[in-house]
J.: 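To start, I am sharing the structure in question, which I have written as structure tokens.
Naming convention: chains lettered A, B, ... in sequence-line order (proteins, then strands); numbering from 1 in each chain.
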Amino acid sequence: MTQKFRRTHHCGELSENQVDQTVTLCGWIHTRRDHGGLIFIDLWDKNGLTQVVLNPQIDQLAHQEAQTLRNNFVIAVTGKVRARPEDMVNPKLATGKIEVYVDELEILNKSQTPPFQGWDDQEVSEALRLKHRYLDLRNARLLRNLTLRDQITRTARKILHEQNFTEVETPILTKSTPEGARDYLVPSRLNPEKFYALPQSPQLFKQILMVAGMDRYFQIVKCFRDEDLRQDRQPEFSQIDMEMSFVDEEELFGLVERMMAAIYKETLGITIETPFPILKYQDAMNRFGCDKPDLRFDLEIVDLADTVTGTEFKVFADVLKNGGQIRALNAKKSGEVLSRKALDDMTELAKTYGAKGMAWIKVNADGLQSPITKFFKPDMLDAMMKKMDAEVGDTIVFIADAPKVVADSLAHLRLDIARRLNLIDGKKICLAWVTEFPLLEYDEEQKRYVAMHHPFTAPMAEELDKMESDPGSLKARAYDLVLNGNEIGGGSIRIHQSEIQQKMFKLLGINKEEAEAKFGFLLEALQYGAPPHGGIAFGLDRIAMILTGSASIREVIAFPKTQKATCLMTEAPSEVDKKQLKELKLKFDLS
RNA sequence: GGGGUCGUAGUUCAGUUGGUUAGAACGCCGGCCUGUCACGCCGGAGGUCGCGAGUUCGAGUCUCGUCGGCCCCGCCA
């Protein structure tokens, strides 16, 4: 260190206890108030602010030098801690009862005028914040977010180590595994025309660690998926990834619940209830229209098919005839809030999920108000209203369409209604397991089944015999952990027998040669004493986002990417030297 | 691939029906100031209105294209 004095304290830790001590503080000039005679400086580091005072009567030289100081300069000051007189105490500052009278001032570095003061809570465009992330990260909110994130990983590591887990690193340069998201590819110089892929998850490696007898593995690990970004999706993100041998759902759930409880306790001081409720996939879909329901409020979907069977209302009749559904939500006591305009907006929302429209009935004191009541006979209308438990002041919204459209639309309308009616208690924490997912989904485009979770997920034991006869009805030993309507983790009990794994590939339309080429190493490993095993992976960024109450995942990532997957600070991705391309034997097709 | 929205001083924004020299606040620069803590007072500098076409006597304002930020659909085993 070339500076004259070594730091003795952080800004923000001095109190009346250090009065009369000589201290050295280092930090950034947050604000400077030059009174001509006295100069006050609020000196900042990540621990807080301390006011330092330069008085020409104490040190002429330091005071003179302080006149050249500007915001954002990095300085070291040495001086005596003084108690502030009663009337000069600043109650807004943690260190407001003291100040440091400077004897010596050293400028450690100057600074350009920054484009914005990171410390302030002034609204600055996110693009500018990302370009100068080093300024932005000084903001107390972001510092808190990153600190909380650190507390999450620290707690997870602690709990998992206590439970005899070992953290093992798996490769970042690995093999491209189709089935799933797009891979990020890395060309291999030593193997021209061949590529590594960045892992979408350490899935296969952690299973192989189980074959190795590692017994309990975890890793806090970066994963990569080359898909479009969202508020809660980045191309590189972090997982708390774990896998256990000789485990079943019950044991795994218990362990995860202890980990989540510890995380809430350590980060926010909140005690959460365990065990978490378990919701079957099909029930979640029927009641909430999605597999990650927000359980902080009650509003549930009601099926009206039985009630409206035989209706002459063409829209409903046609949907029923074509195997569709008619389902509805009752927005209780929404009379005032769900105006005509609001209902129009909700219709637009439903349309984004493929609905052709949204029917509604308002239950007014003087009768029903609706564009569709005229199409129904009174007794059918009565039956519908009874089934919906409709009372004066309620609004019923209907979606009639194919099952997927009905589910998607109503799931989002449910959230929309909750926001409009203020049904969500922000303090509530609703964690739940969703289980018994279908093993397979039929992909219309590819005309084949694809794995809903991934192809290594075990089917439920009692259904093994159906693998050939009725694959579409198979259920998986897969589970998601849902927190306030967000999927924060997902996993499964895996297939540990190579015969079953091969059957699974067959169901997915992956033939022997293909399976061999893509996953041969796993199939081989499964033949050498693979224990029964299962695991789960948590989205660390999402958990941090929810625990910090952040609006976006970018608020809990130090250096996030934009929606076009670029980094505004480094300007990655960028063009590279021709020489580099040549070494990699890469050329672009410019046709 | 598609839909929406935003882009004006360093920053956050205003800018009327298309009309003279594009404004404010904060920040910045200079001066004054010994108890401020969002210090105060006085003065000053600072603009390719994202970029490119077009319409018009005249465009920050209207049209088209394009680039970028954000939100969403598709996509995300």
Side-chain angles (χ1 to χ4, degrees), chain A residues 30-43 49-58 63 67 70-72 82 84-85 87-93 95-96 99 101 112-132 135 177-183 200-201 203-204 223-235 237 348-355 405 408-409 412 437 439-441 443 445-446 449-457 476 478 487 490-492 504 508 510 518-519 537 539 551-552 554 561-564 566 568:
Chain A
H30 179 281
T31 37
R32 179 186 62 114
R33 295 177 292 279
D34 185 344
H35 285 230
L38 289 177
I39 297 174
F40 298 96
I41 286 168
D42 292 341
L43 196 63
L49 286 172
T50 299
Q51 172 165 283
V52 303
V53 186
L54 290 117
N55 187 329
Q57 284 161 5
I58 291 181
H63 179 264
Q67 288 173 352
R70 292 294 180 269
N71 281 353
N72 218 40
R82 300 279 178 89
R84 297 201 200 182
D87 56 333
M88 290 172 202
V89 166
N90 182 355
K92 284 186 273 181
L93 212 57
T95 59
E99 57 195 359
Y101 275 57
Q112 303 271 340
T113 301
F116 62 94
Q117 285 270 55
W119 300 296
D120 294 354
D121 265 327
Q122 184 199 10
E123 295 266 322
V124 180
S125 82
E126 195 171 2
L128 195 71
R129 288 174 48 202
L130 292 176
K131 184 168 161 58
H132 302 277
L135 299 176
T177 54
E179 296 280 309
R182 223 172 264 121
D183 285 321
Q200 297 177 27
S201 91
Q203 180 62 34
L204 301 180
C223 301
F224 306 85
R225 291 178 192 174
D226 186 7
E227 297 294 345
D228 284 6
L229 289 81
R230 286 283 191 285
Q231 196 174 27
D232 61 351
R233 266 166 33 193
Q234 284 272 308
F237 58 98
E348 287 309 307
L349 178 72
K351 283 181 178 171
T352 63
Y353 300 97
V405 173
D408 282 352
S409 305
H412 285 91
F437 283 82
L439 184 69
L440 305 167
E441 265 180 314
D443 186 322
E445 265 178 46
Q446 299 183 56
Y449 283 108
V450 295
M452 187 149 179
H453 186 55
H454 58 53
F456 318 106
T457 298
E487 183 201 324
S492 61
M504 181 70 180
L508 297 173
I510 300 173
K518 288 171 180 166
F519 311 109
S552 145
R554 298 183 298 278
K561 296 198 166 47
T562 69
Q563 198 162 42
K564 287 198 71 187
T566 67
L568 294 179

J.: For B:C49 and B:G10, measure between their P atoms and round to the nearest Å.
T.: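 Result for the P pair: 12 Å, nearest Å.
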J.: Heavy atoms only, 4.0 Å cut-off, all strands: where does A:Leu128 land among base, sugar-phosphate and nothing?
T.: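 The residue A:Leu128 makes sugar-phosphate contact but no base contact.
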J.: Taking the same atom, C1', in B:A53 and in B:C67, what whole-Å distance lies between them?
T.: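 It comes out at 15 Å once rounded to the nearest Å.
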J.: Distance check: side-chain N/O of A:Arg33 vs OP1/OP2 of B:U36, anything under 4.0 Å?
T.: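 No, because none of the side-chain N or O atoms of A:Arg33 sits under 4.0 Å from OP1 or OP2 of B:U36.
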J.: Sticking with atom C1', work out how far B:G60 lies from B:U16, rounded to a whole angstrom.
T.: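 One C1' to the other, the span is 13 Å.
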J.: Given atom CG of A:Asp120 and atom P of B:U12, what is their separation to the nearest angstrom?
T.: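 For the pair A:Asp120 CG and B:U12 P, the rounded distance is 13 Å.
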J.: Check for a donor-acceptor pair, side chain of A:Arg225 on one end and backbone N or O of A:Gln200 on the other, with a separation under 3.5 Å.
T.: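 Yes; judged by distance alone, with no hydrogens or angles, the pair exists.
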J.: Verify, without hydrogens or angle tests, whether A:His63 (side chain) and A:Gln57 (backbone) share a donor-acceptor contact under 3.5 angstrom.
T.: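 No, A:His63 side chain to A:Gln57 backbone: no donor-acceptor pair under 3.5 Å.
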J.: With P as the reference atom in both, quote the distance from B:U5 to B:U20 in angstrom, rounded to an integer.
T.: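 Taking atom P in both B:U5 and B:U20, they lie 29 Å apart.
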J.: In whole Å, what is the span from the CD atom of A:Glu123 to the P atom of B:G27?
T.: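 Distance, rounded to whole Å: 18 Å.
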J.: Can you tell me how far P in B:G3 sits from the matching atom in B:C57, rounded to whole Å?
T.: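 Rounded to whole Å, the distance is 34 Å.
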J.: Base, sugar-phosphate alone, or nothing: which one does A:Arg230 contact when heavy atoms must sit under 4.0 Å apart?
T.: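 Base contact - A:Arg230 has a heavy atom under 4.0 Å of at least one base atom.
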J.: Checking all strands, does A:Thr95 fall into the base, sugar-phosphate, or nothing category for heavy-atom contacts under 4.0 angstrom?
T.: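 Contact class for A:Thr95: none.
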J.: Examine B:G69: is either OP1 or OP2 under 4.0 Å from a nitrogen or oxygen in the side chain of A:Thr566? Give yes or no.
T.: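 Result: yes.
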J.: Grab the CD-P distance between A:Glu126 and B:U11 for me, whole Å please.
T.: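 Checked: the CD to P distance equals 16 Å.
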J.: B:C39 base stacked by A:His35? Criteria: ring centres under 5.5 Å, plane angle under 30°.
T.: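 According to the criterion (under 5.5 Å, under 30°), yes, A:His35 stacks.
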J.: Heavy atoms under 4.0 Å, any strand shown: does A:Glu99 hit a base, just sugar-phosphate, or nothing?
T.: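 Counting heavy atoms under 4.0 Å across all strands, the contact made by A:Glu99 includes a base.
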J.: When we call it a touch if two heavy atoms are under 4.0 Å apart, what does A:Asp226 touch: a base, just sugar-phosphate, or nothing?
T.: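 Counting heavy atoms under 4.0 Å across all strands, no contact is made by A:Asp226.
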J.: Describe the nucleic acid contact of A:Phe456 in one word from base, sugar-phosphate, nothing, applying a heavy-atom distance below 4.0 Å.
T.: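 Touches nothing.
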J.: Should A:Asn55 be listed as having a side-chain N or O under 4.0 Å from OP1 or OP2 of B:G35?
T.: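 No, no such contact exists.
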J.: Looking across every strand, which nucleic acid part, if any, lies under 4.0 Å from A:Glu441 by heavy atom: base, sugar-phosphate, or nothing?
T.: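 Nothing: the residue A:Glu441, judged by heavy atoms under 4.0 Å, touches no strand.
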J.: B:U61 and B:U8: how far apart are their P atoms, nearest whole angstrom?
T.: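 B:U61 and B:U8 have their P atoms separated by 13 Å.
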J.: Does B:G30 have OP1 or OP2 sitting under 4.0 Å from an N or O in the side chain of A:Arg70?
T.: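 Yes, within the criterion.
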J.: Please classify the nucleic acid contact of A:Gln51 as base, sugar-phosphate, or nothing, using heavy-atom distances under 4.0 Å.
T.: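 Here A:Gln51 touches the bases of the nucleic acid.
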J.: Taking donor-acceptor contacts at under 3.5 Å, does the side chain of A:Arg225 reach the base of B:C76?
T.: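 Side chain to base: no pair present.
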J.: Looking across every strand, which nucleic acid part, if any, lies under 4.0 Å from A:Val450 by heavy atom: base, sugar-phosphate, or nothing?
T.: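 If one applies the 4.0 Å heavy-atom cut-off, A:Val450 turns out to touch nothing in the nucleic acid.
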J.: Return whichever of A:Ser552 or A:Leu229 has its heavy-atom-nearest nucleotide of RNA chain B closer to the 5' end.
T.: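 The 5'-side residue here is A:Ser552.
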J.: Does the side-chain ring of A:Phe40 lie flat on the base of B:U36, meaning centres under 5.5 Å and planes less than 30 degrees apart?
T.: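 So yes, this residue stacks on that base, both cut-offs being met.
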J.: Check side-chain hydrogen bond (donor to acceptor under 3.5 Å, both in side chains) between A:Gln203 and all other residues, then give those that pass, not counting sequence neighbours.
T.: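 For A:Gln203 the side-chain hydrogen bond (donor to acceptor under 3.5 Å, both in side chains) partners, ignoring immediate neighbours, are A:Gln207, A:His454.
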J.: Using both distances under 3.5 Å as the test, list the Watson-Crick or G-U wobble partner of B:U5, or none.
T.: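 B:U5 is paired with B:G69.
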J.: Under 3.5 Å for both donor-acceptor distances, Watson-Crick or wobble: does B:C26 have a partner, and if so which one?
T.: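 B:C26 is paired, partner B:G10.
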J.: Which of these nucleotides, B:C37, B:C73, B:G35, is closest to any side-chain atom of A:Asp228?
T.: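 For A:Asp228, the side-chain atoms sit closest to B:C73.
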J.: Looking only at side-chain N and O atoms, does A:Thr562 come under 4.0 Å of OP1 or OP2 in B:G69?
T.: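 Checking A:Thr562 against B:G69: at least one side-chain N or O falls below 4.0 Å of OP1 or OP2.
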J.: Looking at B:G35, does its base get a donor-acceptor pair with the side chain of A:Tyr101 below 3.5 Å?
T.: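 Donor-acceptor pair under 3.5 Å: yes.
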J.: Separation of A:Asp34 atom CG from B:G35 atom P, in whole Å?
T.: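 From A:Asp34 CG to B:G35 P: 13 Å.
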J.: Would you measure the distance from the C1' atom in B:G18 across to the matching atom in B:U12 and give it in whole Å?
T.: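 About 27 Å, rounded to a whole number of Å.
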J.: Quick check against the 3.5 Å criterion: does A:Gln234 have a side-chain atom that pairs as donor or acceptor with the backbone of A:Lys561?
T.: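 Side chain of A:Gln234 to backbone of A:Lys561: a pair is present.
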J.: Does any nucleotide pair with B:U21 by Watson-Crick or G-U wobble geometry, both distances under 3.5 Å, and what is it?
T.: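 When the pairing criteria are applied, nothing turns out to pair with B:U21, so the answer is none.
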J.: Reckon A:Ser125 has a side-chain N or O less than 4.0 Å from the OP1 or OP2 of B:C70?
T.: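 For B:C70, neither OP1 nor OP2 has a side-chain N or O of A:Ser125 closer than 4.0 Å.
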J.: Looking across every strand, which nucleic acid part, if any, lies under 4.0 Å from A:Arg554 by heavy atom: base, sugar-phosphate, or nothing?
T.: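 Answer is sugar-phosphate: A:Arg554 comes under 4.0 Å of backbone atoms only.
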J.: In sequence, state the C-alpha distance, the side-chain angles, and the governing distance for A:Thr31 and A:Trp119, and then conclude on side-chain contact (heavy atoms from CB on, under 4.5 Å).
T.: CA-CA 10 Å; A:Thr31 37; A:Trp119 300 296; over 6 Å; no
J.: Looking at A:Arg82 and A:Glu99, is any side-chain nitrogen of the basic one under 4.0 Å from a carboxylate oxygen of the acidic one?
T.: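 Looking at A:Glu99 and A:Arg82, the cut-off is not met.
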J.: Taking for each residue the nucleotide of RNA chain B with the nearest heavy atom, is it A:Pro455 or A:Lys564 whose nucleotide lies nearer the 5' end?
T.: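 The residue whose closest nucleotide sits nearer the 5' end is A:Lys564.
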J.: Looking only at side-chain N and O atoms, does A:Gln117 come under 4.0 Å of OP1 or OP2 in B:U11?
T.: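 No, no such contact exists.
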J.: Please enumerate all residues that pass side-chain hydrogen bond (donor to acceptor under 3.5 Å, both in side chains) together with A:Asn55, with sequence neighbours excluded.
T.: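 Expected list: none.
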J.: Without decimals, in angstroms, what is the distance between A:Lys561 NZ and B:G68 P?
T.: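 Those two atoms, NZ and P, are 17 Å apart.
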J.: For the pair A:Asp228 and A:Arg233, find out whether any cationic side-chain nitrogen is under 4.0 Å from an anionic carboxylate oxygen.
T.: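 No, A:Asp228 and A:Arg233 are not salt-bridged.
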J.: I'd like the P distance from B:C6 over to B:C13, given in whole Å.
T.: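 Nearest-Å result for B:C13 against B:C6 at atom P: 13 Å.
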J.: Start with the C-alpha distance between A:Gln67 and A:Asp34, add both sets of side-chain angles, then the distance that settles side chain to side chain donor-acceptor pair (under 3.5 Å), and finish with yes or no.
T.: CA-CA 8 Å; A:Gln67 288 173 352; A:Asp34 185 344; 5.2 Å; no
J.: Answer yes or no: does a side-chain N or O of A:Lys92 lie under 4.0 Å from OP1 or OP2 of B:C37?
T.: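 A:Lys92 to B:C37 OP1/OP2: no side-chain N or O under 4.0 Å.
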J.: Once you apply the 3.5 Å cut-off to both distances, tell me the Watson-Crick or G-U wobble partner of B:C62, or none.
T.: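 Across all strands, the one nucleotide that pairs with B:C62 is B:G54.
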J.: Just checking A:Thr457: base, sugar-phosphate only, or nothing, at a heavy-atom cut-off of under 4.0 Å?
T.: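 No contact at all - A:Thr457 keeps every heavy atom at 4.0 Å or more from the nucleic acid.
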J.: Could you check whether A:Gln231 gets within reach of a base, just the sugar-phosphate, or nothing at all, counting any heavy atom under 4.0 Å?
T.: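 The residue A:Gln231 makes sugar-phosphate contact but no base contact.
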J.: Under the 3.5 Å rule, do the base of B:C37 and the side chain of A:Arg32 count as making a donor-acceptor pair?
T.: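 There is none.
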J.: Measure CZ/A:Phe116 against C1'/B:A25 and give the value in whole Å, please.
T.: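 It works out to 19 Å between those atoms.
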